[in-house]
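Worksheet for the structure shown next.
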Amino acid sequence: MARTMQPEELIDSAVVDPDGNKIGKVGNVYLADATHQPEWITVKTGLFGTKESFVPLSGARTDKDGIHVQVDKDSVSEAPRIDADGHLSPEESTQLYQHYGLPVPRTSPDGRPDGRRDRGPAAMGGRGKRDDRAAMTRSEERLNVGTEQVETGHVRLRKYVVTEEQQVTVPVRHEEVRVEREPITRADGPAEIGEAEQDVILHAEKPVVRKETVPVERARLRTETVSDEQTVSGKVRKEQFEVTDDDRKHRRS
């Protein structure tokens with residue numbers, strides 16, 4: 001890391017791989033037993049951040065975009081699944097270092113990883129062995145978000161009748177009377193003067209309207225599934241450690 005950072009500064013920070021891909025957000029910070037400095041972080045991955053993968057802080061740097069680590073996103077996704085129960089065993093730590101292709105820290109002659117070494121009376125300066133029964137466990141609440149299918153409404157398809165007026169132009173024919181005159185040059189016989197009458201029947205076409213019902217369209221209802229994203233929020237509680245010395249000076253972690 002470019003500078004020493006407190007674990008609480010790393011919590012919920014964005015984690016970015018060397019290619020600029022966002023891996024997830026920091027869930028927990030694990031300290032090295034030898035140096036008590038941040039050594040591992042767990043990154044919340046998955047659709048709702050329900051999975052946590054261990055990511056090494058070796059060579060990492062921080063800026064306004066978050067924590068830039070030296071391992072890529074695919075390596076984090078394929079990392080061994082180890083329960084984030086608050087402490088890494090030597091075997092688990094070694095397994096993670098080997099997965100990421102990083103050298104296992106060796107801070108003792110026997111080559112044991114992550115800064116651990118056997119603490120006999122000489123190594124401990126006569127202070128006695130650590131009493132694990134005095135350890136305190138910190139707990140916190142987390143949001144577990146899922147989905148369930150619920151009924152949101154009913155849709156009905158129905159048809160109804162409306163009346164509208166249509167105008168159609170139809171060509172029609174009719175008969176008219178026309179008087180044709182023809183001069184007579186030679187009479188066939190004597191002519192008589194008198195009255196005469198002739199009837200002519202006239203015809204005309206009239207529009208005739210008939211209606212018929214024909215199918216013009218078919219409609220049906222069907223459903224399709226579309227995906228979108230919704231943001232949910234909730235309040236969670238978490239415990240913090242506070243150490244008070246004889247001078248009543250408080251230190252939080």
Side-chain angles (χ1 to χ4, degrees), residues 1-108 110-117 137-148 225 227-234 236 238 253:
M1 303 290 290
R3 65 182 180 89
T4 302
M5 298 188 66
Q6 297 300 321
E8 60 267 21
E9 295 181 83
L10 303 177
I11 298 297
D12 286 333
S13 296
V15 181
V16 185
D17 74 357
D19 296 327
N21 299 315
K22 183 178 179 181
I23 302 176
K25 287 188 175 181
V26 176
N28 290 297
V29 180
Y30 284 68
L31 306 181
D33 287 351
T35 63
H36 300 289
Q37 297 300 321
E39 182 181 22
W40 295 92
I41 55 175
T42 61
V43 178
K44 302 174 184 178
T45 60
L47 182 58
F48 297 103
T50 56
K51 296 181 180 179
E52 287 192 83
S53 300
F54 280 85
V55 178
L57 288 176
S58 175
R61 62 180 177 84
T62 60
D63 60 16
K64 61 182 180 65
D65 296 326
I67 305 173
H68 295 260
V69 296
Q70 299 300 310
V71 295
D72 57 52
K73 185 175 182 179
D74 291 338
S75 297
V76 175
S77 299
E78 298 170 358
R81 292 300 176 190
I82 297 175
D83 293 334
D85 55 3
H87 194 274
L88 286 175
S89 68
E91 294 78 9
E92 292 171 336
S93 181
T94 300
Q95 184 182 7
L96 288 170
Y97 272 111
Q98 291 175 346
H99 167 74
Y100 288 111
L102 299 174
V104 178
R106 297 180 182 274
T107 59
S108 61
D110 57 6
R112 300 185 65 180
D114 68 13
R116 297 172 180 264
R117 65 178 71 193
T137 301
R138 185 180 69 86
S139 303
E140 65 182 21
E141 296 176 336
R142 295 182 181 177
L143 291 179
N144 294 323
V145 182
T147 61
E148 65 175 345
T225 302
S227 298
D228 56 9
E229 293 185 353
Q230 292 185 356
T231 300
V232 297
S233 62
V236 296
K238 63 180 180 180
S253 62

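Counting heavy atoms from C-beta on, the side chains of R138 and N28 come closer than 4.5 Å. The side-chain heavy atoms of P38 and L31, taken from C-beta on, include a pair separated by under 4.5 Å. You'll find the side chain of E39 stays beyond 4.5 Å of the side chain of L57, heavy atoms only. The shortest side-chain heavy-atom distance between L96 and L88 falls under the 4.5 Å cut-off. Put simply, the side chain of L102 reaches to within 4.5 Å of the side chain of P56, judged on heavy atoms. Put simply, the side chain of V26 reaches to within 4.5 Å of the side chain of I67, judged on heavy atoms.
The NE2 atom of H68 sits 10.0 Å away from atom CG of D17, with the distance rounded to the nearest 0.5 Å. Rounded to the nearest 0.5 angstrom, E140 CD and I11 CD1 are separated by 7.0 Å. Distance NZ/K25 to OG/S13: 9.0 Å, rounded to 0.5 Å. Remark: K73 NZ to N21 CG distance equals 6.0 Å, nearest 0.5 Å.
When all heavy atoms are compared, the tightest approach of E52 to R81 is O-NH1, 3.6 Å. V55 and V69 make their closest contact through CG1-CG1, 3.8 Å (heavy atoms, listed as atom of the first residue, atom of the second, distance). Residues Q70 and P18 approach most closely at C-CG, 3.8 Å, considering heavy atoms. Considering all non-hydrogen atoms of both residues, Q95 and P80 come closest at NE2-CB, 3.5 Å. The shortest heavy-atom contact between Y100 and A79 is OH-CB, 3.5 Å. Heavy-atom minimum distance, I23 versus V16: CD1-C, 4.4 Å.
Between F54 and W40, the angle of the ring planes goes over 60°, which puts this pair in the perpendicular group of the 30/60° scheme.
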